[in-house]
Amino acid sequence: MSELVRRADEALHRDLCDHCLGRLFAQVGTGFTNEGRGRSLRTAVNLIRAIEGREPPYHNRCWLCDEVFENIGRYAQSVTGKLADLEFHSFLVGTRVDPAILEREERIWSELGDELAEPIKAELNREIGKVVERLIAKEVEFSTPDVVAIVDTRFSHVVLDISPLFIYGRYRKTSREIPQTRWPCKRCQGKGCQRCDFTGKMYPTSVQELIGDIVLEEVGGEDHFFHGMGREDIDALMLGNGRPFVLEVRSPMRRGIDLDDLALRINASARGRVEVLDLRPSSRGEVRKIKMAAPSKEYRVEVRLNGKVDKEKLNDVVRSLKNALITQQTPLRVAHRRADKARKRRIIDAHVESFDGERMSLVLRTESGTYVKEFVHGDQGRTRPNLSEALEIPCEVISLDVIAIADDDKEE
Ligand SMILES: [Zn+2]
Ligand SMILES: [Zn+2]
């Protein structure tokens with residue numbers, strides 16, 4: 001008797017269904033399902049036992065799986081029912097199996113060896129997946145499915161794990177009153193209290209909400225997350241080519257949306273505050289890239305000059321600061337939430353755009369992470385060199401706007 005049939009004979013001292021018998025030898029032969037392999041082995045065992053005058057193996061109810069494979073059709077129906085309202089291209093089936101079944105599987109492996117075996121979950125996933133494929137005419141995808149349907153085989157209950165939707169874009173912000181992301185009230189943590197007028201928020205809206213709430217209306221889903229390539233101060237405008245971001249929507253019900261239409265809708269509803277451009281599909285990988293990016297930025301700073309200075313000196317000083325390497329101790333205004341340390345940053349370019357004796361408009365291009373306000377007023381000497389010190393008069397920032405972000409391949 002061949003070694004394989006001898007081992008199958010041994011396995012059939014327990015009552016096993018064809019699936020569970022065949023799965024013990026899943027690595028043997030190609031072009032078989034476990035069920036087909038199990039059926040052939042059972043026939044071989046029957047013949048051998050008949051020749052040897054022994055009783056055929058008894059089969060009533062599978063000791064290992066409790067005949068779970070009889071329910072494949074029902075599981076597949078539950079999956080398709082659950083998927084009915086969802087828009088998706090690719091799917092995968094997963095299962096949660098009764099722990100008692102997994103224990104029995106471990107036990108039979110320890111008795112008979114597991115080197116040729118396959119876990120029951122793998123077979124259930126595959127067999128349910130095959131039926132669902134036929135029912136909905138879509139193919140299983142292993143690497144990056146839009147949705148994983150997880151069947152709990154004890155209750156035939158299905159939960160969907162829907163992959164997030166990622167949308168890339170750039171935003172311009174033309175209001176000095178909105179933060180980039182949703183900002184929960186510090187006192188109540190979003191529950192609502194007197195301080196926040198029971199809104200749960202420090203600010204009524206944000207760039208994230210102005211964009212994300214519209215996207216959520218379009219695609220359905222649970223919530224949105226905003227990943228910006230850095231951020232500007234609340235009172236700073238974000239102009240020029242805009243700031244790159246990726247919006248992530250968790251558990252979206254739809255994916256195939258027209259992004260040009262979406263941009264029009266966002267821009268109509270956020271008019272005067274936020275504008276989006278260049279929307280396109282994105283990915284989690286791009287989120288990582290965006291969070292890691294450290295592009296240089298160009299700013300326009302309106303500065304009040306609290307003292308006398310002539311145009312010639314002003315131009316000389318500004319020219320001398322071009323290409324300066326400055327050292328910035330953590331600014332006083334953020335010292336309560338950031339570690340106190342010194343950083344070195346480069347002022348890449350600087351020029352005066354306009355000057356009327358008391359005010360000037362200064363255009364600066366700086367390395368990523370430069371504290372621009374502190375470079376202008378000096379932050380009580382914590383930034384050096386700084387504009388105030390170089391001009392020998394106190395300089396005050398009236399407004400600060402980002403006018404360009406030099407990401408991607410754009411020339412430096
Ligand atoms: Zn079984
Ligand atoms: Zn509150």
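Whatever order the structure lists ligands and atoms in, that order sets their numbers, starting from 1.
- Within 6.0 Å of the CD atom in Gln194, the count of heavy atoms belonging to other residues, nucleotides or ligands does not exceed 12.
- The aromatic rings of Trp183 and Tyr203 are tilted relative to each other, their planes meeting at an angle between 30° and 60°.
- Within the protein, the N, O or S atoms lying under 2.8 Å from the Zn ion (ligand 1) are Cys17 SG, Cys20 SG, Cys62 SG, Cys65 SG.
- Within the 4.5 Å cutoff, the side chain of Leu92 has heavy atoms near those of the Phe142 side chain.
- Note: Phe25 CZ to Glu115 CD = 9.0 Å, rounded to the nearest 0.5 Å.
- The set of protein atoms (N, O or S) found at less than 2.8 Å from the Zn ion (ligand 2) reads Cys185 SG, Cys188 SG, Cys193 SG, Cys196 SG, by chain and number.
- Tested against Lys373 for a side chain to side chain donor-acceptor pair (under 3.5 Å), the candidates Asp233, Asp379, Thr383 yield a single pass: Asp233.
- Val274 places none of its side-chain heavy atoms less than 4.5 Å from the side chain of Thr174.
- Taking the six-membered ring wherever Trp is involved, the centroid distance between the rings of Phe245 and Phe226 falls below 6.0 Å.
- The pair Lys130-Glu139 fails the salt-bridge criterion, with no side-chain N (NZ, NE, NH1 or NH2) lying under 4.0 Å from an Asp/Glu carboxylate O.
- Counting heavy atoms from C-beta on, the side chains of Glu302 and Arg359 come closer than 4.5 Å.
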